[in-house]
Each structure stands twice: as C-alpha cells, then as structure tokens.
Amino acid sequence: MSTPKKFMQVFDRLYAAYGPQQWWPGDTPFEIMVGAVLTQNTSWTNVVKGIENLKANQALDPQAIVDTHAKRLAKWLTPVGYFNVKARRLKNYCTWYLHAGQFEELAKQDTHTLRESLLSVNGVGPETADDILLYAFDRPVFVIDAYTRRLFSRLAYVSEAEKYESLRASFENKLQKQNDKVRLFNEYHALIVNHAKYFCKTKPACEHCCLKTQCQY
DNA sequence: AACCAGGAGACAT
DNA sequence: ATGTCTCATGGT
C-alpha cells in the first residue's frame, strides 16, 4: 500500500520544516531511561520538573532510587502526575537495571534480547522499551507513539486499529534500505513529536493539514 | 471548565 | 485476544 518512498518523503518534509531535533533531552543514558518512564502519557514539561527534583536530591541514580522509600520518591515526582505508579515503576526499573549490570553489561546484548529483557520489567511497555533502545542504547528500532499513529493514520498510510508490533515492523521494514537507521529513526520520531504541536485541532481532523508547518484549518 | 498529555497494567469478558 | 478502568498534575 504505502511505499518506502512515501515514508521518506514524510521525513524529508518534517526535517525541512523543523530541522534536526537533538534528541533525546537528557545528558546521560540513565537520565534518558528515567525520562522515558516518566513521560508515559505525560507532557515533557511536567517530566522536566520531576527530573529536576531528582537531581536536587542527588537521586538521579539507580541505587539512590532503589534506596529511596516509595513515598518519598512519589513526593519528588508530584509534578509528573501518576506519581505513585511512576515511583513504583522507576524502582522496578532501577532494580532490574542494577541487577543486569547497568549500561555497560546491557550494551553487550543484542537488540532483541535487550528488548525482551526491558519488557520483562513491570512498568516498561513497548514504547518505553523502544525509547530506551533507540535513545539510550542507539539501537535501530522505530518508536511508535500516539502521535505516530495519529499522523500516519490521518495520512491513510496505516489503519488506526493496527497494533504496536505490527506498526513497528511496518515502519522498520519500509525504512530498511536507509543507511544510518539509528540516526534516521532518532530524528524521525523526534520530528513527529515536535510536529504534533501543529496538528489540526478540529474534530474530526482534516486529512491533509497534518504535514503543514502551520495548520490553517 | 472540560480536555488532553511522547502509556502500561490489572481485570473482566 | 479484545475492551474498560485507573493512575494525577499542569497547561490550554
């Protein structure tokens, strides 16, 4: 149905409109991992405040997070929203992360093994896992999020009902022949998220406005 | 003042 | 396998 060329044309238009995005916002792989968990169904501006709180308490560290009582952790995560679940999820993640030997050991694993291991953590679903794989471990996986679904279903390149794994496989397949997929996937997902600011606000959305820099409808 | 944000898990059907 | 509910603050 949609050709690989179309998927690159969308990328080219987004890149031409917005330029390189310099993702993921975060200084270290671990900070990226924390951000990936905290941003679940949450705006990034809220996540920043939570990460600032962690930093201010010397708690942007896996051992510190494991050692911090959930109640105290949740308090730091207040501005993030879902602070009780996310405190629990962060602790789950950090327990796994420390047990697995942190970045150095995990970086030795092949992408599939690492992905399955990430998904075994309670609180890490497919999108969070792929955020971490792409942005912390530089693996060529295409992240599917709500914006990706919305944009490409509005463009009628995919159906709204398509499931996560199917979409991911589809995107990765369409872009298989591109070189430097890590960089491409990195920019592509970031551009889609950035572009979401300009999504058509009308309901139902018009089908053709979603790739214009400024929707005038 | 409703509505949504860079999802995921528990649970019922 | 597929729906529905819950989690929660902050910005429009």
Side-chain angles (χ1 to χ4, degrees), chain A residues 10-11 14 18 20-26 29 31-54 56 70-97 115-137 139 141-154 158-168 171 184-205 210 214-215:
Chain A
V10 172
F11 173 81
L14 291 171
Y18 308 120
Q21 298 297 300
Q22 317 283 353
W23 265 36
W24 181 287
E31 182 173 342
I32 291 168
M33 297 167 191
V34 170
V37 171
L38 295 186
T39 199
Q40 290 167 0
N41 202 39
T42 299
S43 62
W44 185 253
T45 54
N46 283 9
V47 174
V48 169
K49 298 172 186 177
I51 291 179
E52 289 306 314
N53 286 343
L54 293 177
K71 189 78 180 176
R72 186 168 160 81
L73 191 53
K75 188 155 217 162
W76 296 336
L77 298 180
T78 298
V80 177
Y82 305 125
F83 43 78
N84 287 317
V85 276
K86 282 177 178 173
R88 192 165 60 239
R89 287 176 183 179
L90 263 192
K91 286 170 78 70
N92 289 344
Y93 184 84
C94 290
T95 300
W96 167 85
Y97 189 60
R115 188 168 196 274
E116 290 304 307
S117 188
L118 281 162
L119 290 172
S120 75
V121 180
N122 187 307
V124 177
E127 185 186 337
T128 305
D130 290 342
D131 279 337
I132 293 171
L133 285 166
L134 178 59
Y135 291 104
F137 288 101
R139 304 304 174 91
V141 301
F142 200 99
V143 177
I144 306 296
D145 67 345
Y147 296 149
T148 309
R149 290 177 177 282
R150 204 174 306 168
L151 174 58
F152 286 90
S153 63
R154 284 181 187 179
V158 303
S159 74
E160 309 112 35
E162 209 164 335
K163 308 181 72 173
Y164 189 98
E165 292 304 328
S166 168
L167 275 177
R168 184 172 71 88
F171 273 85
L184 174 64
F185 294 176
N186 179 321
E187 283 296 339
Y188 210 151
H189 176 64
L191 284 165
I192 291 168
V193 174
N194 180 264
H195 178 61
K197 290 186 283 197
Y198 306 105
F199 275 3
C200 184
K201 298 273 193 299
T202 67
K203 292 180 182 176
C210 296
Q214 285 154 340
C215 177

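So that the names make sense, note that chain A is the first sequence line, chain B the second, and so on, each numbered from 1.
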Of A:G123 and A:V193, whose nearest nucleotide on DNA chain B comes first from the 5' end? A:V193

Would you classify A:V143 as touching base, sugar-phosphate or nothing, given that sugar-phosphate means primed atoms plus P, OP1 and OP2, and contacts are heavy atoms under 4.0 Å? nothing

Shortest non-hydrogen contact from A:V80 toward A:G50: CG2-CA, 3.7 Å

Compare all side-chain heavy atoms of A:L90 with those of A:L77 and state whether any distance is below 4.5 angstrom. yes

For the side chain of A:A146, counting heavy atoms from C-beta on, which of B:dA5, C:dT9, B:dG7 is nearest? B:dG7

For a quick check, with a 4.0 angstrom heavy-atom cut-off, what is the B/S/- contact string for nucleotides 1-7 of chain C, read 5' to 3'? -S----B

Single hit among A:Y164, A:F142, A:F185 for ring-ring contact (aromatic ring centres under 6.0 Å, His included) with A:F171: A:F142

Separation of the P atoms in B:dC3 and C:dC5, to the nearest angstrom: 15 Å

B:dG7 phosphate, OP1 or OP2: any side-chain N/O from A:R149 under 4.0 angstrom? no

Would you indicate what A:K49 reaches in the nucleic acid, counting non-hydrogen atoms under 4.0 angstrom: base, sugar-phosphate, or nothing? sugar-phosphate

Just checking, is any N or O donor in the side chain of A:D145 or A:T148 under 3.5 Å from an acceptor N or O on the other one? yes

Let me know the distance between CG of A:L119 and C1' of B:dG7, rounded to the nearest Å. 13 Å

Any salt bridge (Lys or Arg N to Asp or Glu O under 4.0 Å) pairs touching residues 80-90 of chain A, not counting sequence neighbours? none

Would you say A:T128 places a side-chain N or O within less than 4.0 Å of OP1 or OP2 belonging to B:dA8? yes

Anything under 30° is parallel, anything over 60° is perpendicular, the rest tilted; go ahead and classify A:W96 against A:Y93. tilted

Looking across every strand, which nucleic acid part, if any, lies under 4.0 Å from A:V48 by heavy atom: base, sugar-phosphate, or nothing? nothing

In this structure, how many angstroms lie between the C1' atom of C:dG10 and the CG atom of A:N46, rounded? 5 Å

Atom NZ of A:K197 and atom C1' of B:dC4: how far apart are they, to the nearest Å? 17 Å

Sticking with atom P, work out how far C:dA8 lies from B:dA10, rounded to a whole angstrom. 15 Å

Let me know the distance between CG of A:N92 and P of B:dG7, rounded to the nearest Å. 19 Å

What is the separation between atom CG on A:L38 and atom P on B:dA5, rounded to the nearest whole Å? 18 Å

Look at A:E52 together with A:K49 and state whether they make a salt bridge at an N to O cut-off of under 4.0 Å. no

Provide, to the nearest angstrom, the distance between the CG atom belonging to A:D131 and the C1' atom belonging to B:dA5. 14 Å

Tell me: CH2 of A:W44 to C1' of B:dC4, nearest whole Å? 18 Å

